[in-house]
A.B. asks: 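The following block contains the structure, expressed as structure tokens.
Side chains are part of it too, since the values below use all heavy atoms of this structure and drop only hydrogens, waters and symmetry mates.
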Amino acid sequence: MIRPQRPLTAFTQNRPNLRMETRINMETIVGGGPKKLLYTLKTLQKIGLRKGTKALTSRNTCKACGLGMGGQLGGMVNEKGEYPSVCNKSVQAQSTDLRPAIPLELFQHNLDDFKALSALEFGTLGRLGVPLLKARNHNKFEPISWSQALSTIAEKLKLTDPDRTFFYTSGRSSNEAGFVLQLFARVFGTNNINNCSYYCHQATSVGLHSTTGQSTATVSLAELAETDCVFVIGANPASNHPRFIHQLKGVRDRGGEVIVINPMKEPGLIRFSVPKSPGSLLFGGTEIASAYLQPKAGSDYFVLLGLGKALLEQGHIDHNFLSLHTDNHGSFLAHLTALNWRLIERETGLKKTTLADIARRYGRARRSVFAWGMGITHHLHGSRNVEAIAALALLRGMIGKPGAGLLPLRGHSNVQGIGTIGVKPELDPIIAKRMADHFNFTLPTQPGLDTLACVDAAHQGEIDFALIMGGNLLEATPDRTWAEAAMNKIKLKVFLTTTLNHGHVYGMDDQDAIILPVTARDEEWQPTTQESMFNYVRLSDGGISRVSGARPESNVICTIAQQVLGHRPVDFSALASHEAICTAVAAIVPGMQQVAAIHKTKKEFHIEGRLMQKPRFPTQSGRARFPEFELTRRAQATDAFTMMSIRSEGQFNSMIYENHDTYRGTKHRQIVFMNKSDITRLGLAAGMRVDVSSPAGELKGLELVAFDLPVENVALYYPESNVLVETKADPRSRTPGFKSQPVSIKPSAHRIV
């Protein structure tokens with residue numbers, strides 16, 4: 001007798017009621033506070049207080065954002081020794097890792113059943129505990145042995161042209177796993193090696209390198225206690241970097257300025273009830289933003305030029321610093337002088353008087369930090385935006401002294417480290433030479449493809465093999481329909497993952513795929529290292545045992561490399577030791593010398609040469625360089641609206657932990673945020689259903705929600721919004737325009753059931 005299958009939804013949480021109309025009272029919403037404390041406690045209770053506490057207090061780096069905490073100073077401790085440094089994102093990240101393995105009976109279901117699950121429901125299935133094979137033209141996963149999985153992968157790779165492969169990793173992986181991945185790919189013969197930063201902060205790397213000579217933050221966490229002015233541009237740290245709000249509160253407590261530049265009026269950036277502050281917690285929160293600018297989406301370049309022009313007119317330029325420490329400043333200042341205020345006002349939607357007020361506040365500051373997120377980089381001119389931020393800092397000499405500088409707000413906990421150790425298509429020439437010398441092999445010379453170019457090559461039928469380590473590449477890619485077709489053409493996809501997501505069931509119909517279960521950071525068999533957005537390298541102990549069938553990523557990569565290459569020209573069996581990997585990294589990557597002894601000394605460190613407390617720039621001239629002035633106007637949408645993709649309070653990257661958005665007051669994710677006057681102008685009403693379309697695709701039956709954002713701008717939740725995002729990209733960083741997509745909107749005949 002065949003036992004009937006239990007529906008997959010029996011293993012997941014209940015689905016939200018999408019018929020419920022959303023009503024928002026922005027004045028009553030405060031970020032953080034008792035509700036978030038209770039939410040964190042409730043999440044810990046779900047996963048088990050004992051297990052949750054063990055995970056959070058172990059000497060392992062936090063798995064959430066790039067702010068960083070944990071490591072050898074202990075769980076919930078940052079590099080300043082502050083305790084408790086923890087937030088709901090840390091607990092959310094642990095909540096999926098602490099689940100038991102997915103029951104094998106679930107794999108009796110076909111892929112169509114898995115496709116019916118929401119992102120939230122995928123997260124509640126549990127951990128992957130066994131390798132899975134999805135054979136071509138079959139509609140089910142088949143659990144297989146590790147031996148079969150690894151030998152199948154190796155045999156396929158032996159028969160594959162290296163130019164028809166690509167290797168990708170997310171920012172979740174360790175430095176050790178990332179290093180052996182890129183090394184294996186290069187020894188195998190390809191530079192098609194990339195990571196998730198091409199969809200987030202690659203524009204930061206490009207823009208900073210062209211102006212300051214380096215690509216990361218110039219300030220440390222400790223220096224934030226010295227600053228008296230912080231710009232938060234194109235970011236929502238109340239949701240995405242909650243512990244950064246504590247630093248912003250410190251600035252306000254000292255009488256400093258927190259200047260927010262964001263098209264959306266985010267409640268958590270207006271007031272935030274900081275859990276670490278009893279006064280803030282008890283008395284309704286703390287005012288965070290001292291000034292809040294809401295420019296049109298995609299107009300950041302003109303906002304920054306406008307602030308620079310106002311500084312010049314007010315006499316706040318540090319001409320001595322410019323003469324001593326910068327190049328091309330004369331040309332830049334001349335262009336600022338000639339720039340027309342009417343053009344700035346038209347492009348940004350902001351008044352000259354508003355920008356002049358912000359410039360005066362900045363002009364009074366002694367030490368300013370500029371922090372930004374993907375609201376700056378997710379545009380077809382993202383690299384130029386970053387250069388403009390650097391230029392605004394240079395105009396007042398705010399790079400190269402303590403408590404002042406540049407701070408890109410990195411998303412994932414080790415996305416910066418992954419770039420540092422070489423997971424990218426083009427290596428710095430110094431690193432390339434050292435790598436070739438250290439391992440005695442010749443690196444491939446064919447230029448490598450970036451992330452979007454790899455997916456495009458797959459769409460053209462030019463990729464036969466892809467190894468995808470962590471993340472959700474399918475849903476992170478623009479134009480979901482196009483991306484799914486591309487992934488479906490790759491002859492063998494190999495995924496290394498802790499859990500399943502939509503990227504493991506869509507784009508899987510016609511070819512082979514193998515999904516391998518890997519350990520989480522605190523389950524690693526050996527210690528691993530991670531790098532925060534402050535250039536701080538931590539050591540994670542690992543060592544917790546949860547899922548017996550999971551293996552470390554570095555172990556998996558080295559095993560595949562041995563089976564494909566043997567022991568020549570690189571003996572990957574020797575790199576099974578993380579100490580050996582750290583020794584190689586120390587010899588190859590500038591500034592990483594201290595990592596060679598980190599397993600013995602347990603001493604965590606800032607990467608040498610990155611923090612700039614003196615105006616010495618790692619450029620050929622030793623000076624920073626002002627960018628060339630560009631007056632390309634903001635692309636005017638031929639459709640009625642410019643769409644921004646946004647993340648909710650209840651998500652981290654593409655992981656969805658809850659469907660409602662606490663701070664924006666929404667009950668589900670099928671939402672279009674629109675200015676109230678636009679709703680009236682279109683003859684619509686809040687709560688109505690609308691269809692949103694672009695040249696890339698269409699989303700139907702979304703609920704219209706009135707929100708405080710500029711006219712002719714709308715916002716939709718990521719990654720669902722990627723259905724609408726075209727594959728156009730910044731030509732310099734190759735980052736798509738996720739936050740400046742033209743869309744049209746009309747009333748919907750579609751109703752959500």
Side-chain angles (χ1 to χ4, degrees), residues 31-32 64-68 87 89 171 197 199-205 207-208 216-217 219 221 224 227 229-249 251-252 257-272 288-301 303-304 307 358 368-379 382 385-386 388-390 392-393 405-413 415-416 532-534 644-649 651-653 661 663-664 673 708-709 713 715 717-718 735 738-740:
C65 76
L67 198 69
C87 67
K89 295 296 180 191
S197 71
Y199 287 168
C200 57
H201 266 291
Q202 182 63 17
T204 289
S205 299
L208 290 187
T216 64
V219 295
L221 175 65
L224 296 182
T227 186
C229 178
V230 176
F231 282 82
V232 180
I233 313 173
N236 183 18
S239 286
N240 301 320
H241 301 81
R243 288 185 295 110
F244 189 59
I245 297 294
H246 176 62
Q247 307 300 325
L248 299 181
K249 177 185 178 297
V251 175
R252 295 304 311 277
E257 300 273 3
V258 172
I259 298 167
V260 177
I261 303 176
N262 190 327
M264 298 186 71
K265 184 67 74 72
E266 299 288 6
L269 296 182
I270 300 169
R271 292 191 71 82
F272 197 96
I288 300 301
S290 54
Y292 204 123
L293 298 187
Q294 292 179 264
K296 297 176 183 178
S299 69
D300 310 272
Y301 185 67
V303 173
L304 296 162
L307 291 173
I358 300 302
S368 297
V369 167
F370 291 81
W372 68 93
M374 290 179 288
I376 282 292
T377 61
H378 274 178
H379 301 282
N385 287 346
V386 174
I389 291 175
L392 189 60
L406 306 173
L407 180 60
L409 297 172
R410 304 279 181 174
H412 218 310
S413 55
V415 65
Q416 188 164 299
S532 79
M533 66 188 190
F534 293 103
M644 303 170 279
S645 66
I646 58 174
R647 288 160 171 78
S648 73
E649 163 62 15
Q651 77 177 98
F652 181 70
N653 294 338
D661 190 341
Y663 296 165
R664 299 191 186 104
F673 294 102
D708 190 347
L709 75 170
N713 288 180
Y717 286 122
Y718 162 96
T735 302
F738 294 105
K739 296 189 186 298
S740 50

A.B. asks: Are any side-chain N or O atoms of T377 and backbone N or O atoms of H201, one a donor and one an acceptor, separated by less than 3.5 Å?
C.D. replies: no
A.B. asks: A cation-pi test, strictly: NZ or CZ of K249 under 6.0 Å from the centre of the six-membered ring of F272 and no more than 45 degrees from its axis. Yes or no?
C.D. replies: no
A.B. asks: Among N385, D300, L406, which one satisfies side chain to side chain contact (heavy atoms under 4.5 Å, CB included) with W372?
C.D. replies: L406
A.B. asks: Keeping the roles fixed (side chain from E257, backbone from S368), state whether a donor-acceptor pair exists under 3.5 Å.
C.D. replies: no
A.B. asks: Between atom CG of D708 and atom CZ of R664, what is the distance when rounded to the nearest 0.5 Å?
C.D. replies: 12.5 Å
A.B. asks: Could you tell me whether a side-chain N or O of H379 sits under 3.5 Å from a main-chain N or O of G375, the two making a donor and an acceptor?
C.D. replies: yes
A.B. asks: I need the Q294 CD to K265 NZ distance, nearest 0.5 Å.
C.D. replies: 4.5 Å
A.B. asks: With sequence neighbours left out, write down each residue that passes side chain to side chain contact (heavy atoms under 4.5 Å, CB included) with Q247, or none if nothing qualifies.
C.D. replies: K80, E82, L221, L224, F244
A.B. asks: Tell me, please, which residues at least two apart from C65 pass side chain to side chain contact (heavy atoms under 4.5 Å, CB included).
C.D. replies: L67, H241, F652
A.B. asks: Counting only N and O atoms by type, is there a donor-acceptor contact under 3.5 Å from the side chain of Y292 to the main-chain atoms of N262?
C.D. replies: no
A.B. asks: Tell me if a side-chain donor or acceptor on R243 pairs with a main-chain N or O of G68 at a distance below 3.5 Å.
C.D. replies: yes
A.B. asks: For L269 versus A235, what's the shortest heavy-atom pair and its separation?
C.D. replies: CD1-O, 3.6 Å
A.B. asks: For S532, give me all partners under side-chain hydrogen bond (donor to acceptor under 3.5 Å, both in side chains), at least two apart in sequence or on another chain.
C.D. replies: none
A.B. asks: Atom CE in M374, atom OG1 in T204: separation rounded to 0.5 Å?
C.D. replies: 10.0 Å
A.B. asks: Checking the side chain of D661 only, and the main-chain atoms of E649 only, is there a donor and an acceptor separated by less than 3.5 Å?
C.D. replies: yes
A.B. asks: Over 60° means perpendicular and under 30° means parallel, so tell me whether F738 and H378 are parallel, tilted or perpendicular.
C.D. replies: tilted
A.B. asks: So, Y663 and N236: side-chain donor and acceptor under 3.5 Å apart, yes or no?
C.D. replies: no
A.B. asks: Determine whether a donor-acceptor pair (N or O, by modelled atom type, separation under 3.5 Å) exists between the side chain of S290 and the backbone of V258.
C.D. replies: yes
